[in-house]
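In this text, all values refer to a predicted model and were calculated from it rather than measured experimentally.
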Amino acid sequence: MTDAARALPAGRTASGGEQRKQKPSTLVFGAAEKVPASLAFLNALQHVAVMLPVLVFPLLVGLAGGLKPDQLRDLLSLSVVALGVGTLLQCFAGRYFGSGFLLTFVFTAAYLPGSVEAAKSGGMALVYGMTVFAGVVQLLLAQAIPRLRAFFPAEIAGLCVAEIGIILGTLGMRLMLGIDPEHAGPARLSHGTALGLGVLALMIALQVWGKGMLRMLSVFIGMIAGYLISLGTGIGAHRPLAEAASTVVFGLPVWPGKGLSFQAELIVPFVIGALACSLRALGDITISQKINDEHWVRPDMTTIRKGVAADGLGTIAAALIGSVGGNTYSSSVGIANASGVASRTVGYWVGGLLIALSLMPALVGFFMHISRPVIGAALVFTACFVLINGLQIITSRLLDARRIFVIGLSLTLSLSRDIFPEYYGTLPAMLHPFVASDLVVALLVAMILNALFRIGIKRRQSLSLTPAADTPEIVRGFFEQNGRVWGTRRDVIDRAIYGCDQAIEVIADYCELQGPIGIEAAFDEYNLDITLGYNGDMLEFPARRPTEQEIIENSDGIRQLGGYLLHRNADRVRAVRRGDRSVLEFHFSH
């Protein structure tokens, strides 16, 4: 057997199975690892600092509902409690809910249009009722996600992650450049822009050249520096939220106790919001899985189910507490990736700090003074990590023309939603919920195209060949062509090619082959199964490597060595007789 002892494809273990989860070298603390209290507190502060500006969403809803200043103050305090509770639910590693990753919970624009309309037509009671309804929809979607895995392949999860990175980066640039999409004007370089660029440069410098605490707290250090400069110079100051939070040092928020109401006309926008939040949570949890596992290969749908369920529970809790619906926060994943601290212990600290902050409106106001350019710099910084993770997920798969169009068209149409908003505004009102955001456009288009392009794809292909000089090229072409159609991972296809090449070589040289060898490959997103059938002697798969003496003295030594190497290459192997044919079965987990 020529080249029999060459190295196996990367990523294999001695037993032939997949390697277990392993923390990447870029992480200092993984999801399940405990962090020293002082470091956890400082990391929690940098998460809280980028979370609190989203209080603008419940504030806008409260204004639409005609709340008075003292009611707005209570709304903001209760909203901070909701952020803390939602974060604790998401970080919890439970049996039925909770992703177990460092993922924070924030208010989202996905529910804003429906919530504002509800506040105008039925007051805050209608907002709370419809938000509870949206949370229940998310709980139902969470149970369906594992059964719909074929419609959420890795490349669509990667598209979702990349789209989230683009949205974060675009929002961050708008804040840094002082661009208001509602009141577009001539772009100009301002002191606020210079402040944002300086803060971004500081964060990048600490991340690239810093070590230890400087690297882990790069976002926090940059934001504190930006805050101090903004406080001293007035650059980029933006205080409406701080004023709404009031200067009361300590106070218990008053629960509104307005009850819940429901309106059928608002079902569509809240269902679309729940779907958008579920898809975003899917993307955020996928990133969290990837950054916590050096050998990540596919989304873990069980964790995603529990994470989406926690997202729905967080939205229900927010409504019952007296606020609006929320969603996982992609920026928290970017911060965890950049800092190297991804422990859910930090998430528990975040939840606790937020609940404590709700009792101190003046301290909430302190965070509200952080200027928009500084917040924008933090978002651009974290967006880089989110975007690259998404692209890596997409490119981990072989892509044929169908999948290229799924990704390319979805991404193009989602970007057009942001570049030409006036066009999408002219669409019929019934379509507005389906083009409410870039993420909704991208994911809906991707799912529709993916379902459409699945038509006509054969999940089982066969090949018959007689061993010859060009056999390796024929085998490689067969698997790579079908791998692109199926969207198979590159590493799995490489192992399949290696295994078939070696098996054909051993069969041809040492198994008294008579006639052609039949190859059949079947793929179902979870598994790649390969069968080789031939007329000839049976090939064995010993679990122990034959010694050099056994190889030399035994006429079957080379054949046993080949079988041993093939046993190590696949996840499962089996050799059986079917009539007068020998059959080799190779299984590869996908």
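To the nearest 0.5 Å, the span separating CG on L200 from SG on C384 amounts to 7.0 Å. A distance of 8.5 Å separates OG of S343 from OH of Y348, quoted to the nearest 0.5 Å. To the nearest 0.5 angstrom, Y128 atom OH is 10.5 Å from S115 atom OG. Taking CE from M51 and CG from L357, the interatomic distance works out to 10.5 Å, rounded to the nearest 0.5 Å. Note that CG of L159 is 6.5 Å distant from CD of E163, once rounded to the nearest 0.5 Å. Residue D311 holds its CG atom at 12.5 Å from CD1 of I304, rounded to the nearest 0.5 Å.
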Derivation of the side-chain contact (heavy atoms from CB on, under 4.5 Å) call for R495 and D571: CA-CA 10 Å; R495 288 163 53 203; D571 295 301; 3.2 Å; yes

Go through the steps to decide whether R174 and D418 satisfy the test salt bridge (Lys or Arg N to Asp or Glu O under 4.0 Å), and finish with yes or no. CA-CA 12 Å; R174 282 178 175 167; D418 195 50; 3.0 Å; yes

Kindly determine whether V324 and Y111 satisfy side-chain contact (heavy atoms from CB on, under 4.5 Å), including the steps that lead there. CA-CA 8 Å; V324 297; Y111 291 124; 5.9 Å; no

Report the C-alpha separation of T131 and L260 in whole Å, then their side-chain angles, then the decisive distance to 0.1 Å, and conclude whether the side-chain contact (heavy atoms from CB on, under 4.5 Å) test is met. CA-CA 9 Å; T131 301; L260 305 176; over 6 Å; no

Would you check, one step at a time, whether the test side-chain contact (heavy atoms from CB on, under 4.5 Å) holds for V132 with L320? CA-CA 8 Å; V132 168; L320 297 178; 4.2 Å; yes

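Not a single donor-acceptor pair under 3.5 Å links the side chain of S410 to the backbone N or O of I407. One N or O on the side chain of S339 and one on the backbone of I335 form a donor-acceptor pair closer than 3.5 Å. A distance-only check finds no donor-acceptor pair linking the side chain of R305 to the backbone of A142 [under 3.5 Å]. In this structure, T193 contributes its side chain and M176 its backbone to a donor-acceptor pair below 3.5 Å. Put simply, the side chain of N337 never gets that close to the backbone of V333: no donor and acceptor are under 3.5 Å apart. Y329 places a side-chain N or O within 3.5 Å of a backbone atom of V50 that can act as its donor or acceptor partner. Under the 3.5 Å distance criterion, the side-chain polar atoms of E33 are matched with a main-chain donor or acceptor of G30. The backbone N or O of S288 lies less than 3.5 Å from a partner atom in the side chain of N292, making a donor-acceptor pair. Remark: the backbone N or O of L206 is not paired with any side-chain donor or acceptor of K211 at under 3.5 angstrom. With S230 contributing its side chain and G226 its backbone, the two residues share no donor-acceptor pair below 3.5 Å.
Taking 4.5 Å as the limit, every side-chain heavy atom of V81 sits out of range of all side-chain heavy atoms of L354. Side-chain contact between I355 and V80 is absent, with no heavy atoms from C-beta onward closer than 4.5 Å. Taking the side chain as every heavy atom from C-beta outward, L140 and Q143 never approach each other to under 4.5 Å. Counting heavy atoms from C-beta outward, L45 and W349 have side chains that stay 4.5 Å or more apart. Within the 4.5 Å cutoff, side-chain heavy atoms of F101 are placed close to those of Q289. A 4.5 Å side-chain heavy-atom check between L411 and I166 finds at least one atom pair inside the cut-off. Taking 4.5 Å as the limit, some side-chain heavy atom of V61 sits within range of a side-chain heavy atom of M124.
Of all the heavy atoms in K306 and R95, the pair that sits closest is CD-O, 3.3 Å. Here the closest non-hydrogen pair linking T87 and F105 is OG1-N, 3.1 Å. For the residue pair G326 and C277, the shortest heavy atom distance occurs at O-SG, 4.0 Å. The shortest heavy-atom contact between L27 and I291 is CD1-O, 3.1 Å. The shortest non-hydrogen separation linking A44 to V346 is N-CG1, 3.9 Å. Listed here is the closest heavy atom pair of F381 and A338: CE2-CB, 3.5 Å.
Results of the side-chain hydrogen bond (donor to acceptor under 3.5 Å, both in side chains) test with D284 over T328, N327, T104 single out T328 as the only residue that passes.
Checked against the 6.0 Å centroid threshold, F92 and F97 count as a close aromatic pair.
A salt bridge does not link K290 with D300: every distance from a Lys NZ or Arg NE/NH1/NH2 to an Asp or Glu carboxylate oxygen is 4.0 Å or more.
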